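Read the structure below first, then the notes.
As the structure is a computational prediction, the values presented were derived from the model and not from experiment.
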Amino acid sequence: MKLQSLITKATQFPEATIAVAAAEDEEVLKAVAQALQAGFGRFILYGDESVLSRLVPEYVQDENRDAIRIVHASTKEESAHMAVKAVHGKEASVLMKGNVPTATILKAVLNKEYGLRTGRVLSHVALFDVPHYGRPILVTDAAMNIAPDLQQKTEIIMNAVQVAKAIGIHTPKVAPLAAVEVVNPAMPATIDAAALSLMNQRGQLKDCIVDGPLALDNAISVESAQHKGIESSVAGHADILVVPNIETGNVLYKSLVYFARAQVGAIIAGAKAPIVLTSRADSAESKLYSLALAICATNE
C-alpha cells in the first residue's frame, strides 16, 4: 500500500473524530484542512480560541468548517489534558499532538484517572513509502522505548502487527534487526532476536512470521540474503523492521526521510486509541499520512 492509498482507505471507514491538543500550528492546520478536503475525519481543536479562530479560516475551506469545533484551553498543558479526556470519554477516537511538547501530552496520556493506558507497552510505529523500493515497510520503535527488553520487544511487535493488519498486511513478516545475522553472545540484540523467533515458532507471538537476527541489508534485499546463504521466509521480504534500541530507530527513521526522501506516516500504538505523535518539525503531508494511518488503525 502506497501512503496515498492510505488516505483513500481512511475515507472508507465511518467518520472518525480527532482531538488535537494545542492545535495552533500551521502544519497541523494544513494537515487538518487536507484531511477534510480528502473526506475523512471531524476535528476538535483544543487551544487558544482567539488564535485558532483567526488561523482556521486561513487554512480550512468554508464548506469544511462545520467539521471543526474549537475548544478554548488556556495553556498547552490544559489542551493536552482536555484532548486526552475527550478520547477517554469516547467523544473522539484518535488523539493528535499539535504544538505541544511530547512529554506534556504523554503525561496526560498516562494519567491514571482519565488517561489512555491499557497495561500494554506504548510504541512508535512508522509506515514508510521509500522511493525505488517496491512496497511499504514498517519500522518500530524509533521514538518511545529507549532500550526495550525482551518482554517489551514482544509487545512492540504485537503493536506493529496490529497496525500492519489494519493496512492490509494480514500475516506480516517481522525482522528483529542486529548488526549481524548470526547469534553472538557479545551482542544482546542478536540473542533477543533469536528468542523472539523461537517465541513465534512456539505460538507466543501470533499472526506474524518472525525470523532473526537479520542485518538491515538481508532483511530487505533478496539478493543480499541469497549472497549470504540465508534461508528464511522473512529475509529479503520483511514487512516490519524491529530495531534494537531508540538510537538505531531514530537514525534509520531520519535516514529514510532525509537521505532517501521517503514519505512517512506514524502513530503511537498500544493505547486505548491511536495517537498521532509527529514531530513539530514534520511536514503537513507527514501529519496527514499519520492521521490516515491512525484512522485505519482504529478500524482494525
Taking only residues two or more places apart in sequence or in another chain, which ones pass side-chain contact (heavy atoms from CB on, under 4.5 Å) with [X]?
X      : result
Glu58  : Arg54, Leu55
Glu78  : Ala73, Ser74, Thr75, Met82
Val182 : Val180

Find the distance between [atom1] ([X]) and [atom2] ([Y]) and round it off to the nearest 0.5 Å.
X      : Y      : atom1 : atom2 : value
Asp129 : Gln4   : CG    : CD    : 9.5 Å
Lys173 : Cys208 : NZ    : SG    : 12.0 Å
Leu3   : Leu288 : CG    : CG    : 10.0 Å

Are [X] and [Y] connected in the hydrophobic side-chain network, where two residues link if heavy atoms are under 4.5 Å apart?
X      : Y      : answer
Val243 : Leu256 : yes
Ile268 : Ile146 : no
Val20  : Leu36  : yes
Leu205 : Leu198 : no
Val60  : Ile7   : yes

Verdict with reasoning, Val87 to Val94, per side chain to side chain contact (heavy atoms under 4.5 Å, CB included): CA-CA 7 Å; Val87 178; Val94 173; over 6 Å; no
Contact list for residues 226-237, test salt bridge (charged side-chain N to carboxylate O under 4.0 Å, His left out), sequence neighbours left out: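 Applying salt bridge (charged side-chain N to carboxylate O under 4.0 Å, His left out) to every pair that reaches into residues 226-237, excluding sequence neighbours, yields Glu181-Lys228, Asp217-Lys228.
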Inter- and intrachain pairs under salt bridge (charged side-chain N to carboxylate O under 4.0 Å, His left out), touching residues 259-269, at least two apart: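 Matches after skipping sequence neighbours: none remain.
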Between [X] and [Y], is there a donor-acceptor pair closer than 3.5 Å when you use the side chain of the first and the backbone of the second?
X      : Y      : result
Thr118 : Gly270 : yes
Thr298 : Ile295 : yes
Asn64  : Gln61  : no
Arg42  : Asp66  : yes
Glu155 : Val121 : yes
Asn145 : Leu122 : yes
Gln152 : Asp149 : yes
Thr190 : Met187 : yes
Glu27  : Ala284 : yes
Lys107 : Thr104 : no

Distance-minimising heavy-atom pair for [X] and [Y]:
X      : Y      : result
Val183 : Ala194 : CG2-CB, 3.7 Å
Ser290 : Ile267 : O-CG2, 3.6 Å
Asp192 : Pro148 : OD2-O, 4.5 Å
Ala262 : Pro131 : CA-CD, 3.8 Å
Ala92  : Ile18  : CB-C, 4.4 Å
Ala215 : Ala179 : CB-O, 3.9 Å

Is there a side-chain contact between [X] and [Y] in this structure, where contact means two heavy atoms from C-beta onward sitting under 4.5 Å apart?
X      : Y      : value
Ile157 : Val161 : yes
Ile275 : Val109 : yes
Lys287 : Val276 : no
Leu277 : His124 : no
Ile246 : Asp141 : no
Phe128 : Val139 : yes
Thr102 : Lys97  : yes
Leu293 : Tyr289 : no

Arg65 and Asp62: CA distance, side-chain angles, deciding distance, side chain to side chain contact (heavy atoms under 4.5 Å, CB included) verdict: CA-CA 5 Å; Arg65 300 272 176 81; Asp62 291 345; 2.8 Å; yes
Does [X] have any salt bridge (Lys or Arg N to Asp or Glu O under 4.0 Å) partners at least two apart in sequence or in another chain, and if so, which?
X      : answer
Glu91  : Arg69
Arg117 : none
Asp239 : Arg135
Asp211 : none

Derivation of the side chain to side chain contact (heavy atoms under 4.5 Å, CB included) call for Lys153 and Leu196: CA-CA 8 Å; Lys153 286 177 181 178; Leu196 292 166; 4.1 Å; yes
Heavy-atom neighbours of Gln12 CD exceed 12 at 6.0 Å: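 Enclosed.
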Atom CG of Leu110 with >12 non-hydrogen neighbours under 6.0 angstrom: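 Counting other residues, nucleotides and ligands, CG of Leu110 exceeds 12 neighbours.
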Working for side chain to side chain contact (heavy atoms under 4.5 Å, CB included), residues Glu247 and Asn250: CA-CA 5 Å; Glu247 291 88 358; Asn250 187 275; 5.8 Å; no
Option among Ile220, Val174, Leu241, Val234 that satisfies the side-chain contact (heavy atoms from CB on, under 4.5 Å) test with Leu214: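 Passing option: Val234.
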Pairwise ring-ring contact (aromatic ring centres under 6.0 Å, His included) hits with a residue in residues 183-206, at least two apart: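 Passing the test, one end in residues 183-206: no pairs.
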Qualifying ring-ring contact (aromatic ring centres under 6.0 Å, His included) pairs, either residue in residues 21-62, two or more places apart: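 As it turns out, there is no ring-ring contact (aromatic ring centres under 6.0 Å, His included) pair with a partner in residues 21-62 once direct neighbours are skipped.
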Side chain to side chain donor-acceptor pair (under 3.5 Å) assessment of Ser197 paired with Asn200: CA-CA 5 Å; Ser197 302; Asn200 175 241; over 6 Å; no
Ring pair (Phe, Tyr, Trp, His ring centres under 6.0 Å) partners for His81, two or more places apart: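 So His81 forms a ring pair (Phe, Tyr, Trp, His ring centres under 6.0 Å) with Tyr114.
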